[in-house]
Amino acid sequence: MALSTRYNPQEVESKWYDHWMEKNYFHSEPDEREPFSIVIPPPNVTGVLHMGHMLNNTIQDILIRKARLEGKNACWVPGTDHASIATEAKVVKKLRAEGIKKSDLTREQFMEYAFEWKDKYGGIILDQLKRLGASCDWERTRFTMEPKLSKAVLHVFVDLYRKGKIYRGKRMTNWDPEALTVLSNEEVIYKDENSKLNYVRYPIEGMEGEGITIATVRPETILGDTAIAVNPKDERYQHLVGKKAIVPMVNRAVPIIADRYVDMEFGTGALKITPAHDMNDYEIGQKYDLPIIDVLNDDGTMSEAAQFYIGMDCYEARKRIVKDLEASGHLIKIEDYRNKVGRSERTDAVVEPRLTEQWFVDMKGFAKTALEAVDKKEVTFYPSHFWNMYYSWLREENIRDWCISRQLWWGQRIPAWYYEDHFFVAETAEEALAQAKEKTGKANLTLDDLRQDEDVLDTWFSSWLWPISVFDGFESPEELKYYYPTNTLVTGWDIMFFWVARMIMSGYEWSESLLGPEMIAQKGRQPFNDVYFTGMVRDNKRRKMSKSLGNSPDALALIDNYGADGVRFGMLSSGAAGNDIIFDAPFDKDTNAVLNESKLCEQGRNFCNKMWNALRLIKGWEVSETAASEEKARINTLAIQWMNNRLQEVIAEIEGNFKEYRLSDALMALYKLIWGDFCSWYLEMIKPDYGKPIDAGTLEATLDIYEELMTTLHPFMPFVTEEIWHQLRDRLEGEDCIISTFPNAKAADADQINRIEAAKSIVSNIRDTRNTKGIKMKEALNVFVQESDRSKALFAQAGLKAMIIKMANLEDLNFTTEDIDNSVSFLVGTEKFYVALKETIDTAAECAKLQKELEYYEGFLVGVRKKLGNERFVNNAPEAVVAKERQKLADGEAKIKSIQETMAQYGCG
RNA sequence: GGGACAUUAGCUCAGUUGGUUUAGAGCGCAUGCUUGACAGGCAUGAGGUCGGCGGUUCGAAUCCGCCAUGUCCCACCA
């Protein structure tokens with residue numbers, strides 16, 4: 001069968017993915033083998049594949065595929081997250097477009113629409129992952145809101161409540177006026193924004209002409225002021241403390257209080273206190289027992305309590321009140337100002353501090369546990385410096401309780417039922433009813449008398465159980481006993497606190513009761529042993545890729561263009577763990593559209609093509625059963641030995657890389673091994689003359705090597721390796737690269753490798769001479785080497801001379817004891833080589849070249865001599881280091897001598 | 001305000017306990033190559049006083065201090 005000159009990923013990829021699925025290779029069941037498990041960071045159910053997912057999942061797939069090749073029971077559990085705020089927002093928007101308001105629907109109706117949407121659009125992303133080659137166990141696909149996982153969530157809620165770790169309370173919380181729900185502190189993103197600092201003067205009650213001026217960026221909240229505060233040490237305001245200021249517009253008399261919280265340096269040193277709309281003001285309000293006047297509605301419009309601008313959006317009200325204050329003479333001045341504004345992570349709406357009644361998880365104990373787990377390396381972070389960020393989040397003084405209730409419908413409804421002024425927490429309404437009956441003594445209560453909490457739980461309250469719940473751990477821990485702890489979690493550092501820390505917390509909280517103390521003693525309580533933090537994917541201007549910027553290439557289009565293997569190569573070769581990935585996707589200046597071009601993916605695609613053409617070369621050879629000529633056989637034997645040595649060397653290197661999660665280094669090592677050593681050198685060494693056959697022994701050895709290369713590369717580039725692996729030899733049913741055996745590194749003969757490196761260097765030098773002298777490759781050259789013990793030892797290696805003759809196209813290569821007339825010389829190590837030329841050589845050019853070389857070595861030796869001349873170095877440095885320096889000196893001197901001789905030969909000045 | 005990480009060739013990065021490094025890779029660049037695996041290719045080459053200044057050491061890209069620049073995290077400054 002004739003193979004096309006180009007590798008065609010489209011056909012190959014779908015063919016092999018289907019094949020793997022058919023063979024059920026991705027599926028895992030507990031058995032006697034060592035498990036290797038990974039749980040996917042569940043993407044949002046309504047999400048589409050973006051560059052971050054591609055990076056993330058490529059890495060997971062590499063780890064899983066390697067484990068599979070190592071004979072472990074590899075289990076990669078996929079799934080999606082219900083993403084309550086994001087999904088609910090999408091559904092609300094879609095309904096609005098159809099003229100349906102959420103407020104017109106019942107909870108049940110809304111959920112019906114939402115599930116419809118989820119069934120239609122949900123999970124697209126998982127199919128997209130298949131294009132990337134992700135070898136997830138699709139039979140295990142889970143969803144955070146599916147019945148079993150929801151049941152686990154309720155179980156955990158009740159458990160924590162009973163343990164006293166969940167409480168309900170009225171607190172200042174972050175209100176998202178667009179999503180109409182509270183958020184946890186972590187869901188609020190603070191950014192510097194431009195705003196106006198308004199100076200407003202409040203008259204003093206009973207003191208005509210007196211006033212106190214405050215500065216505020218939120219003048220509309222003046223309507224809710226219930227005090228003015230100054231620093232007790234501030235002499236400017238001593239006489240006003242204890243007096244009352246008149247709040248403009250509403251003409252409310254509020255106390256002027258003194259509190260150390262107020263910074264005398266800032267603004268005017270006087271601070272308006274609005275307990276309803278500021279975290280700190282709230283605390284001061286508590287301290288001084290100030291009334292709370294909430295001037296905003298939940299949607300961010302002005303409330304009745306504001307008295308003015310009722311129903312108006314607060315930003316509009318802000319503009320209006322400034323004008324009105326100016327008109328009434330209260331406004332002193334306005335300054336430009338930059339301050340931090342908190343916005344909702346999901347909706348980008350400006351978050352409003354608001355006093356609401358919510359459910360919280362007490363984080364003190366959890367944080368301590370999670371901190372210790374990483375500190376004691378029961379969970380290891382890669383790269384390790386992320387410990388710092390983790391620590392700053394979780395340390396006692398920074399940790400805050402986790403607000404877990406959300407005023408949404410899409411999610412797990414809080415399992416608390418109210419009756420009169422009691423509430424009952426239970427996994428089912430029936431249990432709650434039983435509690436209610438007992439508590440109230442009313443035996444005739446029915447379910448209808450109870451009212452379930454309207455709110456749902458934070459999405460992360462289900463995600464934090466993921467490593468346990470995907471194995472149904474809370475229901476029947478059988479599988480969990482096998483797969484827990486999972487091996488590696490691969491995720492972005494941006495959700496370190498949202499997700500990683502909380503999974504660690506939940507793992508430590510529940511694994512022991514689920515697995516039993518014996519198993520815990522053996523395996524530990526951690527949900528995963530290692531965490532590999534990926535960087536953020538950024539564009540070539542270092543901006544984080546995002547939909548709103550439009551700078552994210554279309555992931556699937558990239559796969560179409562370069563093939564999944566090409567894209568995987570591109571993603572991976574971009575950087576080490578934790579480093580941000582600069583993904584060079586250039587912008588079209590005119591259309592502002594991202595071009596789906598990527599140098600790195602192109603490199604990956606070209607790599608596939610290179611391997612494909614090496615295959616074509618090998619498959620194009622005719623095979624001869626008769627042995628090759630003696631000389632050819634020597635070259636081939638030498639080449640095969642060398643290639644095997646190099647292969648072993650690189651396999652050992654890759655093992656080390658994997659241990660440290662240096663996957664891009666591992667891939668690059670293979671890239672260079674395959675393209676450089678295998679294609680450029682090995683195949684050229686053994687290549688038969690045009691039209692001639694290859695001997696069967698050499699071909700078999702070559703196929704063995706190529707096969708091993710494909711197995712080793714398979715985790716990184718699964719499709720092309722599977723295809724080539726099958727093209728190399730006829731395979732039996734069920735014999736596939738994906739389930740072949742990852743090689744163990746065997747000892748490599750370093751001396752042999754060094755000898756071939758020297759030979760390669762000789763060949764390169766001769767080629768360079770051809771280049772600079774304009775001598776065509778076809779023209780055979782005569783080369784000599786200065787006879788010495790070392791040169792004789794080098795050429796004692798069987799086949800080495802013949803190999804150089806072949807690779808450099810030489811007429812002959814012989815020892816000499818004399819300088820060769822009309823030749824160009826070069827050094828490899830300390831050995832001198834002469835390339836005899838037919839034309840007269842350009843002496844001046846040779847002299848210049850030699851002079852430059854001479855200067856380099858002389859400079860080099862200055863340093864070496866200085867070291868060796870230093871008594872303290874000779875006395876203090878380890879003997880081996882000193883010996884090395886002495887060798888450097890001897891070699892350098894020999895080289896200089898040789899260069900000087902050549903210069904004399906040319907008669908250089 | 002506190003902290004982390006970075007700064008090495010035109011670009012993106014390696015350089016793992018200081019000594020085979022007057023420093024490596026990939027891409028890019030330059031020069032040459034028209035039949036025979038591959039121009040998505042081959043060969044060869046040119047690029048860097050390792051951000052700056054001090055210090056420790058026989059020896060520093062590597063360890064310490066200060067400074068500069070950048071990225072990010074945390075923090076209640078209206």
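Here the structure is a predicted model, which is why all the values come from computation and not from measurement. Below, each value reflects all heavy atoms present in this structure, side chains not excepted, and no hydrogens, waters or symmetry copies. Just so we're on the same page: letters track the sequence lines, and every chain starts at 1.
Per the geometry, CH2 belonging to A:Trp612 stands 17 Å off P belonging to B:G41, to the nearest Å. Rounded to whole Å, atom P of B:C13 lies 17 Å from atom CG of A:Leu663. Rounded to a whole Å, the CE atom of A:Met777 is 18 Å from the P atom of B:G32. One atom, CH2 of A:Trp393, and another, C1' of B:C72, lie 13 Å apart when rounded to the nearest Å. Going from atom CG of A:Asp263 over to atom P of B:A78 covers 10 Å, rounded to whole Å. For the pair A:Phe533 CZ and B:C73 C1', the interatomic distance rounds to 13 Å; values are reported in whole Å. Summarising the geometry, the separation between CG on A:Leu889 and P on B:G19 is reported as 21 Å, rounded to the nearest angstrom. Between A:Tyr391 atom OH and B:C72 atom C1' there is a gap of 20 Å when expressed in whole angstrom units.
Of all nucleotides listed (B:U20, B:U44, B:A37), B:U44 comes nearest to the side chain of A:Arg767. Comparing atom distances between the A:Arg662 side chain and each of B:C38, B:A14, B:G26 picks out B:A14 as nearest. Side chain of A:Trp675, nearest nucleotide from B:C76, B:C42, B:A25: B:C42. Listed nucleotides B:A23, B:C58, B:U20 differ in distance to A:Tyr856; the shortest reach to its side chain belongs to B:A23. Taking every side-chain heavy atom of A:His385 into account, B:A4 is the closest of B:A4, B:G26, B:A78.
A close approach under 4.0 Å does occur between a side-chain nitrogen or oxygen of A:Ser680 and OP1 or OP2 of B:A43. OP1 or OP2 of B:U44 sits under 4.0 Å from a side-chain N or O of A:Ser764. For A:Asn606, a side-chain nitrogen or oxygen approaches OP1 or OP2 of B:G41 to under 4.0 Å. The side chain of A:Arg6 contributes an N or O atom lying less than 4.0 Å from OP1 or OP2 of B:G40. Remark: A:Lys867 is not in phosphate contact with B:G19, judged by side-chain N or O atoms under 4.0 Å from OP1 or OP2.
Taking atom C1' on both nucleotides, B:G18 is separated from B:C63 by 7 Å, rounded to a whole Å. Nucleotides B:G70 and B:U8, compared at atom C1', are 16 Å apart to the nearest Å. B:C27 and B:A43 have their P atoms separated by 12 Å, given to the nearest Å. Distance noted for atom P between B:A60 and B:G55: 12 Å (whole Å). B:C64 and B:G48 have their C1' atoms separated by 26 Å, given to the nearest Å. With both ends at atom P, the span from B:G19 to B:U62 equals 11 Å, rounded to whole Å. Using atom C1' as the reference point in both B:A6 and B:G51, the two lie 11 Å apart (nearest Å).
Look at A:Lys191 and A:Glu193 and you find no salt bridge, because none of the NZ, NE, NH1 or NH2 atoms lies under 4.0 Å from a carboxylate O.
If you check B:C29 for Watson-Crick or wobble pairing at under 3.5 angstrom, you find it paired to B:G45.
Below 30°, between 30° and 60°, or above 60°: for A:Tyr661 and A:Tyr532 the angle between ring planes is above 60°, a perpendicular geometry.
Residues A:Leu617 and A:Gln603 each lie close to RNA chain B; by heavy-atom proximity, the contact nearer the 5' end of the strand is made by A:Gln603. Sequence order on RNA chain B of the closest nucleotides to A:Ala614 and A:Val763 puts A:Ala614 first from the 5' end.
Counting non-hydrogen atoms of other residues, nucleotides and ligands closer than 6.0 Å to CZ of A:Arg338 gives a total above 12. Within 6.0 Å of CD in A:Glu871 there are 12 or fewer heavy atoms belonging to other residues, nucleotides or ligands.
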*For salt bridge (charged side-chain N to carboxylate O under 4.0 Å, His left out), just list the numbers for A:Glu846 and A:Lys773, CA-CA rounded to whole Å, side-chain angles, deciding distance to a tenth of an Å, and then say yes or no.*
CA-CA 11 Å; A:Glu846 285 309 304; A:Lys773 301 296 165 203; 3.0 Å; yes

